[in-house]
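Naming convention: chains lettered A, B, ... in sequence-line order (proteins, then strands); numbering from 1 in each chain. Since the model is a prediction, treat every value here as computed from it, not as a measurement. Scope of the values below: all heavy atoms of this structure, side chains included, with no hydrogens, waters or symmetry mates.
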Amino acid sequence: MSNADAVADDLNEPQLEAVTHVDGPLLVFAGAGSGKTRVITYRIANLVATHSVPPYRILAVTFTNKAAGEMRERLERLLGPELARDLWVGTFHATCARLLRKHHQAAGLSPRFVIYDDADQRSLMDRIVKERDVDTDELPARTVLARIHALKQEAIAPDEVPRNSRRDDLVVSLYEEYDKRLRAADACDFDDLLLHVLRLVERPDPPPHERADDRTLAGVSIRALFRYVLVDEFQDTNAVQYRLVRALVRAHGNLAVVGDDDQSIYRWRGADVRNIRGFAKDFPGARVVKLEQNYRSTARIVRAALAVIGKSRERIAKELWTANDEGELVEVRSAVDERDEAQQVAAYVDARQAEGVARRDLAVLYRTNAQSRVLEEALRARRIPYRIVGGLRFFDRAEVKHLLAYLRLSANPRSDVDLVRIVNVPARGIGATTVDRVQQAARNHGLASLEAMREIARGKIEAGVAAAARKRLLAFVAIVDELVSAEAAGHPPSELAELALERSGYADHLREDGSDEAQTRAQNLGELVGSIREYEQAAEAAGERPSITGFLERTALISTVDEPRGQDPLARGGAWGDDVLTLMSVHAAKGLEFREVLITGLEEELFPFVRARDEDDALFGPSGLTRSEESLEEERRLAYVAITRARQRLLLLHAGHRTLFGQLRFGRPSRFLLDLPRADVKLSLPGTADVGPRSFSSRPERDLDRGPRLAWPDAPPREQPKAAREPGERYVERDEGADLRRGDRVRHKRFGVGRVIDVEEGAEPKIVAEFSGFGEMTILRRFLEPLP
DNA sequence: GCCCATCCTATTTTT
DNA sequence: TAGGATGGGC
């Protein structure tokens, strides 16, 4: 089986072209609903089955674990489990983690390094910031982490950070300290997984006479490993990912990327559309294939989507089309306010159900998660079961994190973040003061906290800890020691988990508590142990020895276990079965499709979401657009993504006013509504029968009391074209204000010529400069004249 | 060591 | 408006 020829008949021409492409760079523009996943999986199957490429030499990268899982599943069906098993299919992070386990030495890690998630990173940074006595009103830990994250996504090391203010200096030194602590803890944050591998594969080949060990050769052997690399959702790649991919295919250029610049909606988290838009330039001779036939949606929905994305100012030309039926009119509904809107949503769901459309075939989308609350209330009132995608994560629950911390600690007793997290869970009389002293001593003596604790408990180090507390410390150290040796002795992870629960006293603690909450916690822990068992079975089936590290890696890189939230008995099973309505943000909906889609909150300011920040208007991005213009472009693409989720029916809602962040806001209908092709749209008012296309007055604010009005025939708010700048590599600084840099020479009327020392950004930027005879002066920028 | 009150903040979110 | 985070008080 699995002969590509056998499956080729039902592919359209461009699909076939992409599937049968073998060597050299390939760029596939995959429009919404154009059969992308099929093309990717068939192509991989074709490489293996027709061209006899060994599966372990093919790497397919996705952006979520879910996508990776689905791809692997489909490949198993095409190739059979044996061959599919050896393929490298995974997220960038999972793939890099796997490579790093193998080449840990070259990256300066132990084979059992841990991966720090957001919360771990946060507690580490909290600690550092506290020790350094940073003014957290000025510079909160989360801001520091955000900066570090942004820098790491561009592979900018601490010593490469541009420093123009004391604040920059501070961030850099915190960045350095943070990295140092990670290394000391034998830990990586998410970005490090990619960065470490990037540094290995970008390292030039060692000269032939040099000692050949993993340290020098890791990069070479990783690059030699993959003969074909494929990246899905390429428009979402950031700088590091792009460089990584480039380095991996340096020798052969066998890189296939699949994506859609129209669906690029993650600029705010580092994704760079230029990676896909500029691919053909970066890889000369790349074959470009456009998948433009949409198999998913009705013709009206496709036209609606095109009308919205067609106004995008920067896109690669492509024409989505469909052979599907015209379908029904896209419906636009006006609501008075968000409660009315929610009420209409709920009523629609019930009405459709009465007409035989299952709830599971519907999805309600919104721009911001905050909008879900009102919707939930309305659904509850009508007893409509729903689930929210992307809410609380199982692995973020306190008790789950606690048990995981015990497990991580048993594999890696140096991980201080984990130690601190559980040293007093359950409460065992080791308070913050004691922990502080331990950490202080650890730093002073250059020890991991566990060792410092041991020494203090034994009285070898004097840290001002009372005898009673020392005794408790000793007991705690004994618990950790026992876990560490059990792990070293090779006990299976699930046994270790149970041991941790018993020895730590956590199990007893929950049993004694007896509250509902404690029961839920115990249940969750049971579930965690269950998933460890599942992992063990899976590992054994794959011929691997189950280990804590192996399990932890899975959990660290796994995200939402999307559990139904809301009315549990209704949502899960029960009289309604699993016929549950789905609610989620537009972002979360990417890659999914539903028979009917309701998009809520289509109002100016909300969708497109606008955050008023004037400096954004003066900051030019690499595209030559200002930052706010770029944001608007992304909102447009987001609307395109939302619309193209629908197969049969599309309902668009907007409200005349709504309370947002505690403030009443009046929202004009979204410009995206006004972009729709009128012939494909019908307008409905609340409580009225369908009235067909018609127009309304253009003063929604004034007509509020009499119900909302859609300003249909009016021209949409103009997107003012600004004089575009030369496209550059980076954001251009504001013209006014913080254009000065450290070291620049400036002149002041009274103080004469001075040199810039510090730049303080803000509405009215200030400069600290040194003037001879006057010393350091802080002066408003506008009183200074820059000198060449 | 835990609980309550007050303060603060507030797109989108993966790994 | 409301939830989470933080800090103070018992």
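Here A:F609 lies in heavy-atom contact (under 4.0 Å) with a base. Among the protein residues, A:E635 comes within range of the nucleic acid bases, having at least one heavy atom under 4.0 Å from a base atom. Counting non-hydrogen atoms under 4.0 angstrom, A:I430 reaches the backbone sugars and phosphates but no base.
Salt-bridge formation is not detected for the pair A:D260/A:K590: no Lys NZ or Arg NE/NH1/NH2 atom is positioned less than 4.0 Å from an Asp or Glu carboxylate oxygen.
Atom CG in A:D120 sits roughly 13 Å away from atom C1' in B:dT15 (whole-Å rounding). One interatomic measurement links the two molecules: CG of A:L365 to P of B:dT11, which rounds to 19 Å at whole-angstrom precision. Rounded to whole Å, the distance from CD on A:E634 to P on B:dT12 is 14 Å. Remark: C1' of B:dT13 and NZ of A:K590 are 12 Å apart, rounded to the nearest angstrom. The distance from atom CG of A:D117 to atom P of B:dT15 is 12 Å, rounded to the nearest whole Å. Rounding to whole angstrom units, CD of residue A:Q263 and C1' of B:dT12 are separated by 16 Å. In this structure, the CD atom of A:Q235 is 14 Å from the C1' atom of B:dT14, given to the nearest Å. As a whole-Å value, the separation of A:Q371 CD from B:dT12 C1' is 11 Å.
Judged by a 6.0 Å distance limit and a 45° cone about the ring axis, A:R658 is not positioned over the six-membered ring of A:F666.
Side-chain contact annotation: A:Q439 with A:R127, donor-acceptor N/O pair under 3.5 Å present. In this structure, a donor-acceptor pair under 3.5 Å is present between the side chains of A:S110 and A:D186. Defined by atom type and a distance below 3.5 Å, a donor-acceptor pair is present between the side-chain atoms of A:R267 and A:S631.
Judged by centroid separation below 5.5 Å and plane tilt below 30°, A:Y266 does not stack onto the base of B:dT14.
Heavy-atom nearest nucleotides on DNA chain B were determined for A:N424 and for A:S585, and the one closer to the 5' end corresponds to A:N424. The 5' end of DNA chain B is approached more closely, in terms of each residue's nearest nucleotide, by A:R428 than by the other of A:F92 and A:R428.
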Please lay out, stage by stage, how A:Y178 and A:D189 fare under the test side-chain hydrogen bond (donor to acceptor under 3.5 Å, both in side chains). CA-CA 10 Å; A:Y178 170 77; A:D189 65 18; 2.9 Å; yes

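Base orientation of B:dT12: anti (glycosidic angle beyond 90° from 0).
Aromatic rings from A:H149 and A:F190 are positioned such that their centres are separated by 6.0 Å or more.
Contact annotation: side chain of A:R367 to base of B:dT12, donor-acceptor pair present below 3.5 Å.
Among the nucleotides B:dT14, B:dA10, B:dT12, the one closest to any side-chain atom of A:R269 is B:dT14. For A:R142, whose side chain is taken as the heavy atoms from C-beta onward, the closest listed nucleotide among B:dT13, B:dA10, B:dT11 is B:dA10.
A close approach under 4.0 Å does occur between a side-chain nitrogen or oxygen of A:N369 and OP1 or OP2 of B:dT13. Taking only side-chain nitrogens and oxygens, A:N65 never comes nearer than 4.0 Å to OP1 or OP2 of B:dT14. Phosphate contact (OP1/OP2 of B:dA10, side-chain N/O of A:T368, threshold under 4.0 Å): absent.
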5' to 3', nucleotides 1-10 of chain C under a 4.0 Å protein heavy-atom cut-off (B base, S sugar-phosphate only, - none) gives BS---S----

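Between the P atoms of C:dA5 and B:dT12, the separation comes to 15 Å (whole Å).
The closest side-chain heavy-atom distance from A:E633 to A:R315 is not below 4.5 Å.
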